[in-house]
There are 2 protein chains.
Amino acid sequence: MTRPDVSEERKRQILHAAAQVFDRRGIEAARMEEIAQEANLSVGGVYWYFKSKDAIIHALLDKMFNADLDGLHALLVAEGSVRDRLITYAREELATARSPLRSELYNLATRSDSACAQVLEYLNELKRLLAALIQQGIDRNELRPLDPVTAAQTLMAAYEGFAELAMLGFTLSDPERDLLAMLDLILDGMSQPPKPATTTTVSTPVFSSDEWQAATQP
Amino acid sequence: MTRPDVSEERKRQILHAAAQVFDRRGIEAARMEEIAQEANLSVGGVYWYFKSKDAIIHALLDKMFNADLDGLHALLVAEGSVRDRLITYAREELATARSPLRSELYNLATRSDSACAQVLEYLNELKRLLAALIQQGIDRNELRPLDPVTAAQTLMAAYEGFAELAMLGFTLSDPERDLLAMLDLILDGMSQPPKPATTTTVSTPVFSSDEWQAATQP
DNA sequence: TCGCATTTACTGAATATTCATTCGGTTTAA
DNA sequence: TTAAACCGAATGAATATTCAGTAAATGCGA
């Protein structure tokens, strides 16, 4: 009677498929039919494991958020300068950033109370972890004394905003270079003045000065 | 035969109504019926002025983007320090920021080529104007010499990200205070070291130190 | 080691609902 | 009288969810 339990495996399959379809169609436009196909199941098969489309979304959020927080947790106790670890975190985020999924989920959160609660819980935990990392930087004298929570929130806004812009294909050169340039700028501002400006290695201006000066007379 | 032309008036009515409905329901969930009602028209009446729902979205985007760019344009030639003007711009944005609309529109842009082009055009213009303003700051020695385009993009990411987070109700105290704290932090980093840290007047820490230090041992 | 019963895992057509859009008809101002 | 401005029921297409079945793995008795 006890058949080998495939439900964990199936759920993983379905969530993977859903992520793919959400990516290309958007959450609202994603059809259960297409998710089922992508998961090598029929519509009914998907409903065997998930109560509804919403349940899939919820589970997917959970998976993504946990993966993200786990990564940051690991960085909190990893070695290296705080600056380097913040950059590493940003780089890891970048991998996810260009997918419309995250923005869609946030978007959804503005309309569903339960989704909103889930997202806020994630954001608060993210803030706590980032603030802790920044506090580490202050304690080690890498960063100037600033309010770690404000700094954490600032970084979060920058990350989020960058992800949003990158998603739309709005970048100077390539996303990674732009991300690093942005972080260099912000982290320079947060660093101890002793080394006044850590040389901004990546940020090679891509526009000629003519080009942006033209903006003054449009 | 030449009746007084009400079409401009009607279009304004409809766009206003659409903005309201998009705000509370989201773009996809907004029903033409509801937009029509809000505009004191029937469904057919709305279709008399707009070819489709997409046309309404497009026109609304156009209106919002132009209002934003016009405001920034005015700030570019206004008096006051660059810092103050960047703060003023951010404050003006904040008024719009808490509505899900902007995020929805971006979100939509990832799926419609024409919407995407429209958004990118706006973002590029925004970047040009912000870069020009920052260049002004460098020329006047208010800001340290940095790549104005990178700085502009950094500010844009921060603005966007902040708007996204504020939309979800993710703030320390009140949105305005948080926004100013964030900008102070970023602009301090961009300012000339001579006055090493412009006193961060608004950023009164809201969490006790116990509270965020707890984040280290979760 | 073969049926046979039983339960789990699945299928996909049918159902029900939800809108964007259309269009034949009505109102109103000139 | 005419044409622009408007109405709103009807149409049609899209799609989440259900459900009456089917397939297949397992245990069990002979």
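To find a chain, count down the sequence lines: A is the first, B the second, and so on, and within it residues start at 1.
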**OP:** Would you indicate whether the side-chain heavy atoms of Glu34(A) and Arg24(A) approach each other to under 4.5 Å?
**Re:** yes
**OP:** Just compare dT17(D), dC19(C), dA5(D) and give me whichever is closest to any side-chain atom of Arg31(B).
**Re:** dC19(C)
Original post:
Taking the side chain of Val43(B) as heavy atoms from C-beta outward, which of dC6(D), dT17(D), dG8(D) is closest to it?
Top reply: dG8(D)
**OP:** Side chain of Met32(B) only, please: which of dT21(C), dA5(D), dT17(D) is the nearest?
**Re:** dT21(C)
Original post:
Distance only, no hydrogens: is a donor on one side chain within 3.5 Å (strictly under) of an acceptor on the other, for Gln13(A) and Asn40(A)?
Top reply: no
**OP:** Indicate, with a heavy-atom threshold strictly under 4.0 Å, whether Ala30(B) touches base, sugar-phosphate, or nothing.
**Re:** sugar-phosphate
Original post:
Quick one: which of dT21(C), dC19(C), dA9(C) gets closest to the side chain of Lys53(B)?
Top reply: dT21(C)
Original post:
Where each residue is assigned the nucleotide of DNA chain D containing its nearest heavy atom, which of Gly44(A) and Ala29(A) is assigned the position nearer the 5′ end?
Top reply: Ala29(A)
Original post:
Do Asp62(A) and Tyr122(A) have side-chain atoms, one donor and one acceptor, less than 3.5 Å apart?
Top reply: no
**OP:** Rounded to the nearest angstrom, tell me the gap between atom CZ in Phe50(A) and atom C1' in dA16(D).
**Re:** 16 Å
Original post:
For Glu28(A) and dT18(C), what is the distance between atoms CD and P respectively, to the nearest whole Å?
Top reply: 15 Å
Subject >> Sugar-phosphate, base or nothing in reach of Ser52(A), heavy atoms under 4.0 Å >> reply: sugar-phosphate
Original post:
Hey, are Tyr89(B) and Asp84(B) close enough side-chain-wise for a donor-acceptor pair under 3.5 Å?
Top reply: no
**OP:** Nearest whole angstrom, please: distance from the P of dC19(C) to the CG of Asp54(B).
**Re:** 16 Å
Original post:
Quick one: Arg25(A) CZ to dA16(D) C1', roughly how many Å, whole number?
Top reply: 17 Å
Subject >> Spacing of Trp48(B) atom CH2 relative to dT27(C) atom C1', expressed in whole Å >> reply: 13 Å
Original post:
Where the side chain of Arg10(B) is defined as all heavy atoms beyond and including C-beta, which of dA5(D), dC6(D), dT21(C) is the nearest nucleotide?
Top reply: dC6(D)
Original post:
Taking the side chain of Tyr47(B) as its heavy atoms from C-beta onward, which of dC6(D), dT18(D), dA20(C) lies nearest to it?
Top reply: dA20(C)
Original post:
Over how many whole Å does the gap from Gln13(B) atom CD to dA5(D) atom C1' extend?
Top reply: 13 Å
Original post:
Starting at CG of Leu41(A) and ending at P of dA9(C), how long is that distance when rounded to a whole Å?
Top reply: 12 Å
Original post:
Hey, are Asp54(A) and Ser52(A) close enough side-chain-wise for a donor-acceptor pair under 3.5 Å?
Top reply: no
Subject >> Separation of atom OH in Tyr49(B) from atom C1' in dT21(C), rounded to whole Å >> reply: 18 Å
